[in-house]
Amino acid sequence: MQLINLEKVQHRIESLKGEELYLHLEMTTGAYASHLDSTKHPAANFITNTKIKYDHGSIAGIGPYRVGLKMAEGWIYTEGLTHWEEEESERLLLAGHDGQGKLVVALQLSREPF
Amino acid sequence: MREENRDVMSENILVVFPHPDDEAFTVSGTLAKHIEAGAHITYACLTLGEMGRNMGIPPFANRVTLPHIRKIELERSCEAIGIQDLRMLGFHDKMIEFEDQVLLDSQLDALLKELRPTIVYTFYPGFSVHPDHDACGESVIRTIGRLPQEEQPIVYCVAFSKNHQEVLGKPHVVNDVKEYLKPKMTSIEAHRSQFQAAELLGSKKLEDEEIRERYGWERFWIYPFHVSE
Ligand SMILES: [Zn+2]
């Protein structure tokens, strides 16, 4: 993955708006969080291949970045994004990696199921 | 504690773990030793570890490509160890504890019936930290527990939760795998999206005494199906 390029990601967000898309949204501290450090509280969630449509969306911040997607009846929001996959021209793959390179959050949109 | 000295010639061994890479630190040296003695090994890996958090440093994998990359890593690791038969069962990473138990158990039961292993390696349920590890071990134990006693293989469990020695006591089997550090480190290195093998070794060589002690022992607890004996 590459470090996020704000303009290019914004462009990709624009290109996918108004369409029915498959969403993968995820956040995780990792299953080993409390095994490695008992003060850590392990938490995670993900939802995969749920259909969504947004009419308005943008990426914000100076990095790590935030993304908000406005749907007819609600929002999709992610904070902590650092990387994206530039070569994926049909999909938007965004991820946030921590200082050790481990994935913390992911926000992905695609016309086809993941 | 005892050293594993059974005759392992032409023995059928089944290894069941949920993630590609679970084999590398825990059992790869022991498996290489079994294989050298003529054993045939089937490794049933329940998932492709597609929900893993490590994408390599810098990240060369992503959420979408990770399962493909980890599949290749797993194949290379098995090659390094000498595992003859790799089965990827295609369950979803992180979801083993929520999986339909009948489906999960039936796949393991089919493998047991097909292979009739004398030895099984898996995670010790309740002492293996990751929910997938515990659920994998539970399914193996449940399924083997349903077999007639004379058909039950010995189950060697890996355990590493904080309290495992307190509850389970000292390992029942401690294998010296110092002669098999080469396949073991190659197995670890194969999982390059997951481990920074170079960092694990640092400037040290495999011949280094500290490395040989750190990676040269593999510990197992035999699952007590029949506690009365
Ligand atoms: Zn694992």
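Below, read A as the first sequence line, B as the second, and so on, with proteins coming before strands; counting in each chain starts at 1. Because the structure is a prediction, the values reported are computed rather than measured. Because only heavy atoms are used, hydrogens play no part in the values below, and waters and symmetry mates are left out as well, while side chains stay in.
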Could you check if a side-chain atom of A/Thr28 sits within less than 4.5 angstrom of a side-chain atom of B/Lys94, using non-hydrogen atoms only? yes
Heavy-atom distance under 4.5 Å to chain B: side chain of A/His83, backbone, both or neither? side chain
Over 12 foreign heavy atoms within 6.0 Å of NZ, B/Lys71: no
Backbone N/O of A/Gly101 and side chain of B/Arg53: donor-acceptor pair under 3.5 Å: no
Less than 4.5 Å to any heavy atom of chain A: does that hold for the side chain of B/Thr65, its backbone, both, or neither? neither
Which answer fits A/Thr82, side chain, backbone, both or neither, if we ask what part of it has an atom under 4.5 Å from a heavy atom of chain B? neither
Side chains of A/Lys102 and B/Met55, heavy atoms from C-beta outward: is any pair under 4.5 Å? no
Derivation and outcome, side chain to side chain contact (heavy atoms under 4.5 Å, CB included), residues B/Val64 and A/Arg91: CA-CA 10 Å; B/Val64 174; A/Arg91 306 188 278 201; 3.2 Å; yes
If you count heavy-atom pairs within less than 4.5 Å of chain A, which of B/Ile57, B/Asp132, B/Asn62 leads? B/Asn62
What part of B/Pro59 is in contact with chain A, defined as an atom under 4.5 angstrom from a non-hydrogen atom: side chain, backbone, both or neither? both
Counting only heavy atoms not in A/Lys40, do more than 12 sit closer than 6.0 Å to its NZ atom? no
Taking the inter-plane angle between the rings of A/His35 and B/Phe160 on a 0 to 90° scale, is it parallel (under 30°), tilted (30 to 60°) or perpendicular (over 60°)? perpendicular
What part of A/Gln100 is in contact with chain B, defined as an atom under 4.5 angstrom from a non-hydrogen atom: side chain, backbone, both or neither? backbone
Please report the shortest heavy-atom distance between A/Ala106 and B/Arg63, naming the atom on each side. CB-CG, 4.3 Å
Crowded around A/Met27 CE? As in, over 12 foreign heavy atoms under 6.0 Å? no
What is the minimum heavy-atom distance between B/His130 and A/Ala31, and which atoms define it? CD2-CB, 3.4 Å
Over 12 non-hydrogen atoms of neighbours within 6.0 angstrom of CZ in B/Arg192: no
For B/Met95 and A/Phe46, what are the C-alpha separation, side-chain angles and deciding distance, and is it a side chain to side chain contact (heavy atoms under 4.5 Å, CB included)? CA-CA 11 Å; B/Met95 296 295 106; A/Phe46 72 82; 3.5 Å; yes
Heavy-atom count check: over 12 atoms from other residues, nucleotides or ligands less than 6.0 Å from B/Glu213 CD? yes
B/Arg76, CZ atom: more than 12 neighbouring heavy atoms under 6.0 Å: no
